[in-house]
Amino acid sequence: MQPSLEKLRKFFRLEHENKYANTAIIGGLAMMLDYWEGEARADGVTEEVIQAVVSRLRSYEKLSPEGRAESLKGLWKRIGETYPEAGQKPKTQNQLPRPPRVVEESPQSVDTSVLPSQREENQPPQAPKPRPAPMPRSEAVAGAKTSQTPAALNADLTVLQGVGPRHAETLAQLGMKTLGDMLYYFPRRYEDYSQLKPIKSLFYGDVVTVLGTIQSVHSRPVRGGKMTIIEVVISDTTGSLRLSYFNQPWLANRFKQGDAIAVSGKVDQYLGRLVMNSPDWEPVEVENLHTARIVPIYSLTEKITQKWLRGVMNQVVTHWAPAVVDALPDKIKLGARLVSLSEALMQAHFPVSQDRLKAARERLAFDEIFYLQMGVLRQKRDWKSVEGRRFAIPLDQLEARVASLPFTLTSAQRKSLDEICADLDSGKPMNRLVQGDVGSGKTVVAALAASIVVSNGAQAAIMAPTSILAEQHFRNFTNLLAGENGILKENEIRLLIGSTPDIRKEEIRQGLADGSVKVVIGTHAVIEPDVMFKDLQFIVIDEQHRFGVEQRKELRSKGTNPHLLVMTATPIPRSLALTVFGDLDISVIDEMPVGRQPVSTHILRPQERERAFTLIRGQIRDGRQAFIVYPLIDESEKIEARAAVDDFESLSKEIFPNLKLGLLHGRMKPAEKDEVMMKFRDKEFDILVSTTVVEVGVDVPNSTVMLIEGADRFGLAQLHQLRGRVGRGAEQSYCLLIPTHEDAAENERLQAMSQTNSGFELADLDLKTRGPGEFLGTRQAGFATTLKMASITDVSLIEKARAQAQALFERDPYLQMPEHSLLAEAFERFWGTGKGDVS
Ligand code: ADP
Ligand code: MG
């Protein structure tokens, strides 16, 4: 855990011991913020977590001891979402236990078929043999907790022959506690001996796996005794083959005449005869040659061998896979062309052929995605099962407001607005995600929607991840809602951020509670426990990936089934839209306002930096502004990234002596940041030198250059967000990427950036190369990690599973039909009993 979080924990514990008297720190907990914030940033703690801590601790003093206890508890939970090692949450059912260090199988470890621990347990020194189930199957089913799981599958592993308490412990570290767990501990890969070539038909240059029995082992010195060569001759029924191992003298004792081994590598030639030089090899159990010709390779720990685990697994699979009850109704299996669960489990471990292995994996992957789909569909259904206030759409008013905008809405904005209007008028709470690339104009859509709710007398809350952004929204909303002909008076729409003076905060809280404030726009400050609403009906959460599930929940709980609109600029690939976000309705703004030109993106080598500066000077001469972004605030982490603070000096003194430069970085107080941003917006600065704090949402249409230093250090999503800060006006804009080192110019991400302006294409690429973590943000990142067989990027599988789940819910929405009882149980098991808010 980060030292700064550790520190926090200590203080919280102390505070708990002091009965929340706010005495853990002299002067109160909030006193620690001054230095803590800096330490946390230096520790790399995320900005959201820092902001959460800051805002909670600032208001801590004013709470009652009970309120304080709640507040710290909630805060710690929030921290645990981002830093699970800090949270003390009990494991949820669909979190996999973390496997201990998994070691690659090495030939050296394989031929020890028996381990010391096993001998200590007084077991015979062979791979375990199957033995009958500990109890008859019929009894097992009768005694089971659920009808789907025969009790035997819940049994301890010590019921297995050859597995004593020590081995059970080792297997538990790998995530296997019961026989059922073992069935679902799938091989990491397979060795396919079914494609073997007989030695006779080998050709020079082939890359193959060959099986043979060791005929002879010779070791001889070469190069005057400085090195050794071990020569091994193996043979099968068709011929023999020489293997040479250079300078690995210890191998001499490992090869034993008469043993069967599998060797893989390239066939070479020496003095006209075929040889293999230092091929990979592993011992083969003779029965593999005849029976299971595709051999599973499992992830291991140092304490067990492949051969041993395979033996135990064989026992389990042979006896219990057939006993597994298949919860999937036949109708679905037929519809999706799936094999039975027993077949799938058997073939996944000990496949008879590649085809059957493929079918097995497909079935198991389907299960995972199918339960996931049932979960999100159920969530969606549950949301729609409560009442939401209906808001009639005042069409004339709305059109007048649209007409008063300085631009016309794009048709994509229109469409999203229509969808939102339909939700508001539906009698069900809206639960909608608006997804639109940076600069596509989401804010105005949200503001128009808010105007509908407000003109009906209810309240709206808008939450943004940073105070800069909240302030910007506040201006936009104010223009639209409280300008001339607006529906609100100035003091009915308020900004509530961490730096809002206490006295003003109190006034806003009062106004929200008595209903005189209609719209509040802010940061995490709006979810503070002491913020209460008279009639909160509409919630907008901007840049939703920056918030945790908890925070959305908290805000939602301040109203009665309020309408929820979440917005994101992070493009969501279809596969994730259907799974992780599958419970939300989605509107896509896939069109840019007219007149926008794509940002022209270039990768420059570090020594071409002067070209970038020349371009910036030219743009500024034409009245434009520029951003220069650095990856880090200082060099404390010994990363040689150029640092904003240091370079700011030389930039302003040497490079741009005649221009006005502003500096923005994460260690500044929110109020200072806001001030710098506002000055930049008001053209008091020509250039804003910044760390990534400008990343999200900031809108300064006059800026046309985004220069990113150390560009190779940023993720794609981040680079795209940064680029989105320019290209917001009608002028041609530029994004210049300068990697840290020259060779990093080949960086795949930078190339992708220069080739497309589409956030959607970049997202797809990012998902493929880096996995889904980047997109999920704090939202159920666990989703993806629960998948063992399925890939979250497999759209066709996801669609297939979704179609089946949808059809099932149409037939039997609450899974009450007798033929679905097994399924209902399996479903509960997959999701746990708590339904959880997955939005
Ligand atoms: P984002 O979707 O990234 O949140 P914003 O809502 O900040 O985008 O909008 C980006 C800019 O585009 C703002 O300056 C906004 O006023 C402007 N804008 C929004 N819609 C349109 C439109 N239809 N035509 C022209 N400009 C628009
Ligand atoms: Mg925005």
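In listed order, ligands and their atoms are each counted from 1.
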Run the numbers for me: atoms of ligand 1, each under 4.0 Å from some heavy atom of K442, listed by number.
1 (P), 2 (O), 3 (O), 4 (O), 6 (O), 8 (O)
Could a heavy atom of G436 be found less than 4.0 Å from some atom of ligand 1?
no
So does E399 pair up with R414, basic N to acidic O under 4.0 Å?
yes
Salt-bridge criterion met for R56 and E554 (N-O under 4.0 Å):
yes
Test side chain to side chain donor-acceptor pair (under 3.5 Å) applied to S587 and K415, Q435, K442, R432, the passing residue:
R432
Can you check which of T408, D542, T443, V434 brings a heavy atom nearest to atom 6 (O) of ligand 1?
T443
Which of the atoms in ligand 1, numbered in the order shown and given with their element, are less than 4.0 Å from a heavy-atom of T410?
23 (N)
Can you confirm, on distance only, whether ligand 1 has an N/O atom lying under 3.5 Å from any N/O atom belonging to V444?
no
So, for K505 and T500, which heavy atoms are closest and what is the spacing to 0.1 Å?
CE-O, 3.4 Å
N/O of G441 under 3.5 Å from N/O of ligand 1, yes or no?
yes
Tell me whether R596 reaches ligand 1 (any heavy atom closer than 4.0 angstrom to a ligand atom).
yes
R728 contact mode with ligand 1 (heavy-atom cut-off under 4.0 Å)
side chain
Under a 4.0 Å threshold between the charged nitrogen and the carboxylate oxygen, would D585 count as salt-bridged to K380?
yes
In short, V726 meets T704 closest at the heavy-atom pair CG1-C, 3.9 Å
Within the structure, is a non-hydrogen atom of L405 found at a distance of less than 4.0 Å from ligand 1?
no
Pair E507 + R494: basic N to acidic O under 4.0 Å
yes
Ligand 1 contacted by S440 (non-hydrogen, < 4.0 Å):
yes
